[in-house]
Amino acid sequence: MTTRFDAPRPAEGDERRLPGGDWTCEICGSPACEFFAREANYTLLRCRGCRVIAVWPKPDRETLAASYARRIEAPGAHDYWANYLSREASFRAHGRHVLGLLAPHCRPPGRLLDVGCGPGFLLDEARRAGWDVRGVDLAEPFVAWGREHLALDLRLGELEAHGFPSESFDAAVMIDVLSHLMSPLQTIRELYRVLRPSGVLFLQAGNKAEAAAKQASDDWETPLHLFHYTRPAIRGMLEREGFAVERMQFASRIHVPEGGRRLLGRLPFAAAAYRLLCRAWGACLSKTAASDGTVFVVARKAHMS
Ligand SMILES: [Zn+2]
């Protein structure tokens with residue numbers, strides 16, 4: 001009998017693609033790993049401690065920047081920025097969904113930070129809901145657009161580079177960013193520092209590392225995704241860094257056509273019913289062995305023991 005965590009059998013030659021004794025898991029500190037898969041000339045290693053899957057060798061920043069540029073400038077994707085902006089309504093709807101999930105844990109007024117904010121659609125929705133908002137993003141076109149069109153306070157660069165004052169935010173959100181982070185622990189620690197005591201962190205992150213194996217046809221976006229997580233790994237990492245996880249569920253984005261979204265925007269009752277439906281669906285998914293999806297996590301800054 002196999003379990004979902006059984007290591008895939010390395011193909012001939014893959015054993016040689018393991019690090020020679022100098023590997024340490026950046027998430028849990030374990031020195032033990034196993035081969036998981038190959039993609040885009042990189043090896044994906046699974047930590048034997050926390051089960052996180054990490055790209056090895058980890059590319060440097062220049063290599064990563066070139067990989068992002070290749071992805072964005074690929075044939076047919078030349079209008080990446082315009083395509084992204086054209087999905088504004090859908091990003092705003094998702095932003096409202098996230099704010100709705102955050103509401104039972106943390107409500108405005110207060111200061112909210114979005115790490116990896118893109119053009120700032122979630123932040124604009126948060127501001128409308130009463131939050132005082134700030135955002136950081138690595139993409140200069142997004143930061144420039146959000147400043148110009150939405151008059152948002154968006155900062156270009158990594159969170160750690162901006163030195164926000166300690167304990168200056170009531171809430172922070174990070175949507176689909178965790179897998180891309182060069183140094184996830186460093187970023188989580190910075191979020192802990194800038195959140196006030198009992199401040200709330202909302203993560204939307206992939207849990208692909210719960211998959212038993214990677215199909216050859218799957219695109220895990222290596223090396224743009226540097227780490228893949230499991231739900232226990234995310235929980236463990238947050239708890240070790242001083243957060244108390246208050247909620248963890250599979251993301252439940254039930255597709256609503258554009259017309260329906262406009263209707264939801266106008267009818268608070270329908271929007272609340274939609275959120276309830278998503279919540280029930282998420283709870284339902286969480287009871288199954290579903291993996292390879294996305295999770296929503298709400299964690300509160302606790303006192304370090
Ligand atoms: Zn680990």
Side-chain angles (χ1 to χ4, degrees), residues 2-10 14-40 42-61 64 115-116 158-160 174 176-193 201 203-214 218 220-245 248-250 286 289-299 301-302 304-305:
T2 59
T3 70
R4 62 196 302 178
F5 284 139
D6 276 356
R9 191 185 299 275
D14 282 337
E15 297 89 338
R16 292 194 299 274
R17 290 167 170 159
L18 288 168
D22 58 348
W23 187 86
T24 303
C25 174
E26 291 189 52
I27 307 302
C28 76
S30 166
C33 64
E34 63 202 21
F35 175 86
F36 181 72
R38 288 277 295 168
E39 185 172 277
Y42 290 89
T43 295
L44 297 173
L45 298 173
R46 173 135 63 187
C47 169
R48 287 183 185 269
C50 69
R51 317 300 297 178
V52 160
I53 291 169
V55 171
W56 182 82
K58 193 161 77 169
D60 59 28
R61 285 171 198 276
L64 258 187
V115 178
E158 293 180 355
L159 168 67
E160 295 88 327
M174 207 159 65
D176 292 337
V177 169
L178 198 58
S179 292
H180 295 270
L181 292 172
M182 251 336 228
S183 307
L185 277 189
Q186 197 177 309
T187 303
I188 295 294
R189 286 170 186 164
E190 180 67 358
L191 285 163
Y192 184 92
R193 186 185 69 78
L201 172 63
L203 295 179
Q204 175 179 315
N207 64 313
K208 270 201 160 95
E210 290 186 41
K214 176 180 170 300
D218 292 344
W220 282 31
E221 296 191 52
T222 306
L224 306 188
H225 286 160
L226 293 164
F227 297 94
H228 299 282
Y229 299 83
T230 67
R231 283 165 293 163
I234 294 172
R235 179 184 289 275
M237 173 174 67
L238 290 171
E239 289 178 351
R240 283 191 299 276
E241 297 306 321
F243 288 94
V245 175
M248 183 175 285
Q249 66 174 73
F250 279 109
S286 297
S291 66
D292 192 23
T294 301
V295 289
F296 291 143
V297 185
V298 178
K301 176 173 172 174
M304 295 289 265
S305 53

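When a ligand or atom number is given, it counts from 1 through the structure's own listing order. FYI, side chains are in, hydrogens and waters are out, and symmetry mates aren't considered; it's all heavy atoms of this structure.
- Shown here are the side chain to side chain donor-acceptor pair (under 3.5 Å) partners of Arg235, two or more places apart in sequence or in another chain: there are none.
- Using modelled atom types, one side-chain atom of Arg46 and one backbone atom of Ala209 make a donor-acceptor pair closer than 3.5 Å.
- With sequence neighbours excluded, the residues that form a side chain to side chain donor-acceptor pair (under 3.5 Å) with Thr187 are Glu160.
- Only protein N, O or S atoms were considered, and those under 2.8 Å from the Zn ion (ligand 1) are Cys25 SG, Cys28 SG, Cys47 SG, Cys50 SG.
- Checking side-chain atoms of Lys214 against main-chain N and O of Phe36 turns up no donor-acceptor pair under 3.5 Å.
- With hydrogens and angles left out, the side-chain atoms of Thr230 and Arg51 include no donor and acceptor closer than 3.5 Å.
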Enumerate donor-acceptor pairs with a distance under 3.5 Å from any side-chain N or O in residues 221-228 to protein atoms, sequence neighbours excluded.
residue: Thr222; atom: OG1; partner: Glu39; partner atom: OE2; Å: 2.9
residue: His225; atom: ND1; partner: Trp220; partner atom: O; Å: 3.4
residue: His225; atom: NE2; partner: His180; partner atom: NE2; Å: 3.1

